[in-house]
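Notes follow once the structure below has been shown.
As the structure is a computational prediction, the values presented were derived from the model and not from experiment. Residues: numbered from 1 along the sequence shown.
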Amino acid sequence: MAESSATSAESDAMEAQAPLLVNAVRGCVDFKGRRVLHSKSGCWKSASFIIGVEMAERFAYYGISSNMVTYLTGPLGQSTAAAAANVNAWAGTSALTPLLGAFVADSYLGRYWTIIAASVLYILGLGSLSVSAALNPSDSSSPPLIDVIFFFFALYLIAFAVGGHKPCLQAFGADQFDDENEKELQSKSSFFNWWNFCLCVSTLVGLLALTYIQENLSWELGFGIPCIVMCFSLFVFVFGIGTYRFRVKSDQRNPFVRITRVFVRALKNRRASSPEGVAIEEEVAHFRFLDQASLESNGEEACSMNDVEDAKAILKLLPIYLACLPFGVVYQQSATLFTKQGVTMDRHVTSNFQIPAAALQVFTASSIILFVPLYEAVLIPLARAISHKPTGISLLQRIGTGLVLGVVCMVVAGFTERKRLETALEHGLVDSPEETVPMSAWWLIPQYLVMGVADVLTFVGLQEFFYDQVPGELKSLGIALSFAVVGIGGFLSSFLVSVVDKATGGDGRDSWLSDNLNRGHLDYFYWLLALLNAVSVALYIYFAKSFVYSKRITV
């Protein structure tokens, strides 16, 4: 009888635990290492804390970057070409450091602690930037070299802080949704769109508020406010720790080491006979040379086929990645040369008030804010009805559409600049660069709007595409790769600006990127970018047609 009672008690206990096991999120724990439940963790409740932190970071970043060219050509006294090159180089570094942040997060600290460390670094950088601006008065035409060095030190401290924030926050946010739960999987699909929607709201506020403060009150205050906001965001992030889901690694080995080892082993075994009897998936069959890594040689342990397939999954992304880089060059222009155009034009809203040229970038943010709900509520359902696909259009189709709009943006920008040059000539202002060209800055709105839609389609598509297509332990790297498109684009833009400036100037001639824009030819430069991007679109279409998606997503 006692044995029967004990068995009955065990059965009751198992039945009581069954709902908990069904409700548990597989592969995730809380911050104390305990099992987490769907009903008490993750999803939008956790994502809201993480989105809030990223909104603060974007408020700070764009509040600085959008008007940086004005600060460099103003208080720091740099030329237009030098300032544009410096902004592009810094923006490029800010977009490449996420690769370092992803490495640290995926290999050592984890996403949560990398975000904490990056936030502290961000606060130090913003505080130093504000101090630098206070040491360098706005009326100083030639600041001391030590002040310039301190300014760029603070600026690049922020760039490294961005490296910890960008890949980890978005990947950590996506981690809060369970891929095995149909409802949460649908929410995760929308997460990337609404993530960028919220970021654009904070970007818009940063552009309007901070650029006005910087140009009309003080630069130190314009740099100091973001520092305070980032301090508050760090508190918010830590406050939400009880709701977060932390992914448990299925493979405790360093993912970067094991993937790199595949390439090294394949190179060493390149002359060996190919392994026989190995089943090769269709999606990775065209990288069979990496199968050599699965062979033993010189007493070294062979790589597992799982590691080989993960290496193939990363390698097959390379052609798509390279084809998207010219779009990164186009993207850089809104914060540099678009702004310099706006400086020369009539920006009056009323007879007594005009907006800062950098604030025109709010139209890009506004375009994203308006387009995301339209995309989610109208375009995707319509595409589903036509294509009969759950996602409406594939991620590669979405990205490709954005690349085409990048070409359109540069063509429109070129014709607008041609109109501005004709207006300057008509009113005899060719040799009066300080005079306002009697042409409304609202002419620039179309190129900003097109850039916003292209941003949603291309970069949001790239973020979701790389997050889904990279191996499970490298999700931060997937996000970092999408941001690196902007980073490499920034360096390419800086290089292109320097080459064009030297090639079209000299011998008494004004270059296309002359400090006196009325004697330059930004229109030619924009059309050159349109041509380069048209070529990249053709290459992208060629590569995308032969791309086979990993089984991680259904399109």
Side-chain angles (χ1 to χ4, degrees), residues 51 54-55 58-59 61-63 65-67 91 190-212 324 327-339 341-342 345 347 349 355-380 382-383 392-393 397-417 440-464 482-483 485-486 489 526 529-530 533 537:
I51 289 175
E54 182 69 355
M55 288 180 71
R58 290 293 88 181
F59 170 84
Y61 180 83
Y62 280 105
S65 65
S66 62
N67 214 17
S190 296
F191 167 76
F192 287 94
N193 285 328
W194 290 113
W195 171 277
N196 283 273
F197 174 87
C198 292
L199 300 198
C200 286
V201 171
S202 63
T203 297
L204 190 148
V205 174
L207 289 172
L208 289 175
L210 294 180
T211 55
Y212 180 83
C324 291
F327 181 80
V329 179
V330 168
Y331 183 79
Q332 298 296 335
Q333 308 315 311
S334 63
T336 53
L337 297 181
F338 284 11
T339 300
Q341 277 181 287
M345 302 169 75
R347 291 170 279 114
V349 178
I355 63 172
L360 291 169
Q361 294 172 62
V362 300
F363 291 106
T364 296
S366 299
S367 176
I368 296 173
I369 291 171
L370 294 174
F371 183 70
V372 168
L374 176 66
Y375 182 81
E376 284 279 332
V378 179
L379 298 182
I380 287 300
L382 181 61
I393 61 174
Q397 288 171 335
R398 172 178 181 166
I399 295 166
T401 304
L403 297 182
V404 171
L405 288 179
V407 178
V408 173
C409 179
M410 287 296 95
V411 171
V412 171
F415 280 112
T416 301
E417 175 61 12
S440 175
W442 308 136
W443 278 82
L444 299 175
I445 291 177
Q447 63 201 58
Y448 280 110
L449 294 180
V450 175
M451 180 63 75
V453 177
D455 187 327
V456 172
L457 294 173
T458 301
F459 285 130
V460 179
L462 282 171
Q463 289 163 14
E464 186 174 356
S482 66
F483 291 121
V485 170
V486 183
Y526 289 150
L529 291 182
N533 274 264
V537 169

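- A side-chain hydrogen bond (donor to acceptor under 3.5 Å, both in side chains) with Tyr526 holds for exactly one of Gln341, Gln333, Gln447; it is Gln341.
- Remark: side-chain polar atoms of Asn533 are paired, donor with acceptor, to backbone N or O of Phe327 under 3.5 angstrom.
- The two atoms that bring Leu457 and Phe371 nearest to each other are CD2-CE2, 4.0 Å, heavy atoms only.
- Looking at Val349 and Trp442, their side chains come closer than 4.5 Å, going by heavy atoms from C-beta outward.
- From Ile368, atom CD1 reaches atom CG of Asp455 across 4.0 Å, with rounding to the nearest 0.5 Å.
- Atom CD in Glu417 sits 8.5 Å away from atom CG in Leu444 (nearest 0.5 Å).
- Minimum interatomic distance between Trp443 and Thr416 (heavy atoms only, all atoms of both residues): O-CG2, 3.6 Å.
- Considering every non-hydrogen atom in both Arg347 and Ala441, the closest pair reads CG-CB, 3.6 Å.
- Minimum interatomic distance between Ala530 and Met410 (heavy atoms only, all atoms of both residues): CB-CB, 3.7 Å.
- In this structure, Tyr448 and Ser367 have side chains that are not in contact, with every pair of non-hydrogen atoms separated by 4.5 Å or more.
- If you take OH on Tyr61 and CG on Leu199, they are separated by 13.0 Å, rounding to the nearest 0.5 Å.
- No side-chain heavy atom of Leu360 sits under 4.5 Å from any side-chain heavy atom of Thr339.
- Within the 4.5 Å cutoff, the side chain of Val329 has heavy atoms near those of the Leu529 side chain.
- The nearest pair of heavy atoms linking Val485 to Cys324 is CG1-O, 3.7 Å.
- Judged purely by atom type and a 3.5 angstrom limit, Arg58 has no side-chain atom pairing as donor or acceptor with the backbone of Val201.
- Between Val205 and Met55, every side-chain heavy-atom pair lies at or beyond the 4.5 Å cut-off.
- Taking the side chain as every heavy atom from C-beta outward, Cys409 and Phe338 approach each other to under 4.5 Å.
- The line from CG of Leu449 to CG of Leu370 is 8.5 Å long, rounded to the nearest 0.5 Å.
- Between Thr401 and Gln397, the shortest heavy-atom distance links the atoms OG1-O, 2.9 Å.
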